[in-house]
Structure formats: C-alpha cells, structure tokens
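The structure appears right after this line, and notes come after that.
Quick note: residue numbers are just sequence positions, from 1.
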Amino acid sequence: MTFMARLERVFGRFAIPDLTLYLVCGQAGFTIMGLAHKEFVGRIALVPGMVMEGEWWRVLTFPFFPPTTNPIFALFALYLFFIMGRALEANWGEFRFNLYMLIAYVASIGGAFLAYAAGRGGMATSAYFDGSVFLAFAQFYPEFLIYLFFILPVKIKWLALAAWAYYAYSFVTGDGMERALVAASVLNFLIFFARDIVQMMKSGRKKMGRQLKLKITEAPGGAFHTCAVCGITDKTHPKMDFRYCPGCGGQLAYCTEHLNAHEHRVSPR
C-alpha cells in the first residue's frame, strides 16, 4: 500500500465532496459583493500584518478572493476553474483533490507569513492558489482546447507553458511575497507530479535510444552513414567525413568525394 493510499484510508472520511463547487460559489459570491462594495475585496485578502492585528478571518477568506473585478472575465474564469477542478476531482478522487488543495492552502499561508517575517510586505490572494489547479489540469489534459475570447482555440499545454514562464519571471523580478506564493504553488505541483515527470523523461530517453539503435541496425552493416554513390560507410571508412545533401531533401548521405559530384535525388524511404 502506497503512502497516499494509507493517508486516504485514515483521513479519507474527512474529504469534502464537491470541493470545487464550494470554492467557485465562494469566489462568485465575493465577486458580487466586491462589485457592490469595492472596499470589501481588500478585506478578504491574506495580509499577514493585518492578521497579526486581529483580522484573523483573512486566513479563511483569501481562497475566495475574486479572480478579477471584470464580471464577464470573472464568469469565464470561474467556469474554467469549475471544469478543471471537477476534472481533477474525478481523476484523483475526493481525498486526493482535497489534499492537493489543502497543500496549496497551507503552503500559501506559510509562504505569506515567511515573507512577512522577512520584512516583506504584500498580500496573498487566490491567484496562485487557483494557478496550481490550472497546472495540474494541464498536466493531465494537455490537448484540451480553450477558446480565448471565445474565438481563438488554444491547447492548454501552450497556456501552461506561458504560465510557467510567467511564474519564472515573477519569481525572479517579484517581491518577497510574490516569490513565496510562486514557490508555494510550484511546490504543491511538484509534490504530486515530480515522480510522473521524472518517469516521463526516462521513458522519452529510452524511446530515443531505441529509435537510434533501430536506425543504426537498419543501415547496411550496422553503419550510421552510408554514401549513396559509392556505398562506403562510417564502419568501413571511420576517418571519412559524411554530409547530407540539401538538394536530395537532406535524406541521403555522401562522402566528401561525392558530396559535390552526384545527381540530386530523393531517397525512396
């Protein structure tokens, strides 16, 4: 039994069903309240200094911080978050999705207070908290299409790549609070996906090695390069230099003696 399975066996009964729905409803409710009272939004963000002064509710409310103040974009963002969260919950199960969100929540609080202890200001919202859901969804469903502005279809893997680039930029150029929140979001992702990523990289290297081995094996005499005119190979003439001719589609190799003395043709393969 894996460590995750043991955790689920012990704590699984505490998992909150349909957690995504509660988060979306909470963000939607605070978005509406923020549109009615603009100063209200500032009172739900996680500001460690304010928490230390007695505004303890900020620790509980920051995951419900509105994704944007624009109602149209907020509706789109909440709808997308709902789709991604429900997909992860269906893929992982209630407990693992709850655990993923719990780690993001605790890491965000810890990062915010560490930045505050280091004398850095700023506040934590739901941005990187929700961002960890986006990264996880893109890892599971890289070919999923999102229609930007309801018109332009873009695969989510490219948006995830842009998000990673933004995270890297924010970590390098941002203040202490932003760096702490980026680190919290990435840490959460790595806890769940580092093993899969490493295995994927190993599998990719093995596949490339098999393809290279097959290519060498299929070549005459097990050679990697074979001159298309005289037939000599890098096995029979190891000191010979071989080049691939662009005029032949870059598919045929020639020794240096025949590189500039042959008729252009394309390999039938």
Side-chain angles (χ1 to χ4, degrees), residues 4 19-21 23-24 27-28 31 62-68 70 72-94 96-108 110-112 124-175 177-208:
M4 187 69 72
L19 178 60
T20 302
L21 181 61
L23 290 172
V24 169
Q27 291 187 11
T31 299
F62 83 92
F64 304 108
F65 195 90
T68 176
N70 185 299
I72 296 178
F73 286 109
L75 181 64
F76 176 74
L78 291 173
Y79 173 70
L80 186 60
F81 181 78
F82 179 76
I83 291 177
M84 294 187 298
R86 290 299 292 269
L88 291 177
E89 194 169 5
N91 194 305
W92 273 331
E94 292 176 358
R96 298 194 181 195
F97 179 68
N98 272 245
L99 182 60
Y100 186 78
M101 301 307 294
L102 178 62
I103 294 174
Y105 172 73
V106 173
S108 296
T125 66
S126 62
Y128 291 108
F129 180 80
D130 293 349
S132 64
V133 174
F134 173 78
L135 295 179
F137 181 83
Q139 186 70 19
F140 275 123
Y141 309 100
E143 303 300 320
F144 183 83
L145 281 178
I146 292 180
Y147 288 85
L148 294 181
F149 308 107
F150 305 100
I151 298 175
L152 182 64
V154 180
K155 290 184 178 180
I156 200 169
K157 62 182 179 182
W158 303 124
L159 295 179
L161 184 62
W164 280 111
Y166 173 76
Y167 277 19
Y169 176 80
S170 298
F171 188 82
V172 173
T173 63
D175 56 23
M177 179 66 73
E178 193 164 15
R179 290 180 179 180
L181 295 176
V182 169
S185 181
V186 173
L187 173 66
N188 184 39
F189 177 85
L190 291 179
I191 288 175
F192 274 74
F193 291 101
R195 183 177 179 182
D196 293 339
I197 293 173
V198 171
Q199 290 180 345
M200 188 183 303
M201 293 174 63
K202 288 182 178 179
S203 178
R205 286 198 298 267
K206 290 180 180 179
K207 183 178 180 180
M208 291 178 62

**Q.** Over 12 non-hydrogen atoms of neighbours within 6.0 angstrom of CZ in Phe140
**A.** yes
Q: Identify, with sequence neighbours excluded, every residue that meets side-chain contact (heavy atoms from CB on, under 4.5 Å) alongside Arg86.
A: Asp18, Thr20, Phe82, Glu89
Q: Give a yes or no answer on whether the side chain of Arg179 reaches the backbone of Ser170 with a donor-acceptor pair at less than 3.5 Å.
A: no
(Q) Restricting to non-hydrogen atoms, name the atom on Thr68 and the atom on Phe73 that form the minimum distance, rounded to 0.1 Å. (A) CG2-C, 3.6 Å
Q.
Under the rule for side-chain contact (heavy atoms from CB on, under 4.5 Å), what residues qualify as partners of Val154, not counting sequence neighbours?
A. Leu148, Leu152, Trp158, Leu159
Q: Supply the atom-to-atom distance Leu161 CG to Lys155 NZ, rounded to the nearest 0.5 angstrom.
A: 14.0 Å
Q: Specify the closest pair of heavy atoms between Gly111 and Ala180, including all atoms of both residues, with the distance to one decimal.
A: O-CB, 3.2 Å
Q.
List the residues meeting salt bridge (charged side-chain N to carboxylate O under 4.0 Å, His left out) with Arg96, not counting sequence neighbours, and say none if there are none.
A. Glu8
Q.
Checking Ala136 now: which residues fulfil side-chain contact (heavy atoms from CB on, under 4.5 Å) with it, not counting sequence neighbours?
A. Leu88, Trp92, Tyr100, Phe193
Q | Beyond-backbone contact of Ile146 with Phe76, side-chain heavy atoms, under 4.5 angstrom | A | yes
Q) What residues, two or more places apart in sequence or in another chain, satisfy side-chain contact (heavy atoms from CB on, under 4.5 Å) together with Ala104? A) Phe129, Ser132, Asn188
Q) Does Glu94 offer a backbone N or O that forms a donor-acceptor pair with the side chain of Asn98 under 3.5 Å? A) yes
**Q.** Heavy-atom side-chain contact between Phe62 and Ser108 under 4.5 Å
**A.** yes
Q.
Just so I know, are the side chains of Met101 and Phe97 near enough to count as touching, which here means a heavy-atom distance under 4.5 Å?
A. yes
**Q.** Contact check, side chains of Trp164 and Val186, non-hydrogen atoms, under 4.5 Å
**A.** yes
(Q) I need the minimum non-hydrogen distance between Phe134 and Ala163, along with the two atoms involved. (A) CE2-CB, 3.9 Å
Q.
With a 3.5 Å distance limit and no angle check, can you tell me whether Thr31 reaches the backbone of Pro66 through a side-chain donor-acceptor pair?
A. no
**Q.** For the student: nearest non-hydrogen atoms of Ser126 and Pro63, plus distance
**A.** CB-O, 3.5 Å
Q) Do the side chains of Phe189 and Gln139 get nearer than 4.5 Å, heavy atoms only? A) yes
Q: For residues 158-173, pull every pair meeting salt bridge (Lys or Arg N to Asp or Glu O under 4.0 Å), keeping only residues two or more places apart or in separate chains.
A: none
Q. If you look at every heavy atom in Ser185 and Gly131, which pair is closest and at what distance?
A. OG-C, 4.3 Å
Q | Gln27 to Leu78 - nearest heavy-atom pair and separation | A | OE1-CD2, 3.3 Å
Q) To the nearest 0.5 Å, how far apart are NZ in Lys157 and CZ in Phe144? A) 14.5 Å
Q. In Å and rounded to the nearest 0.5 Å, what is the CZ to CD1 distance from Phe192 to Ile103?
A. 4.5 Å
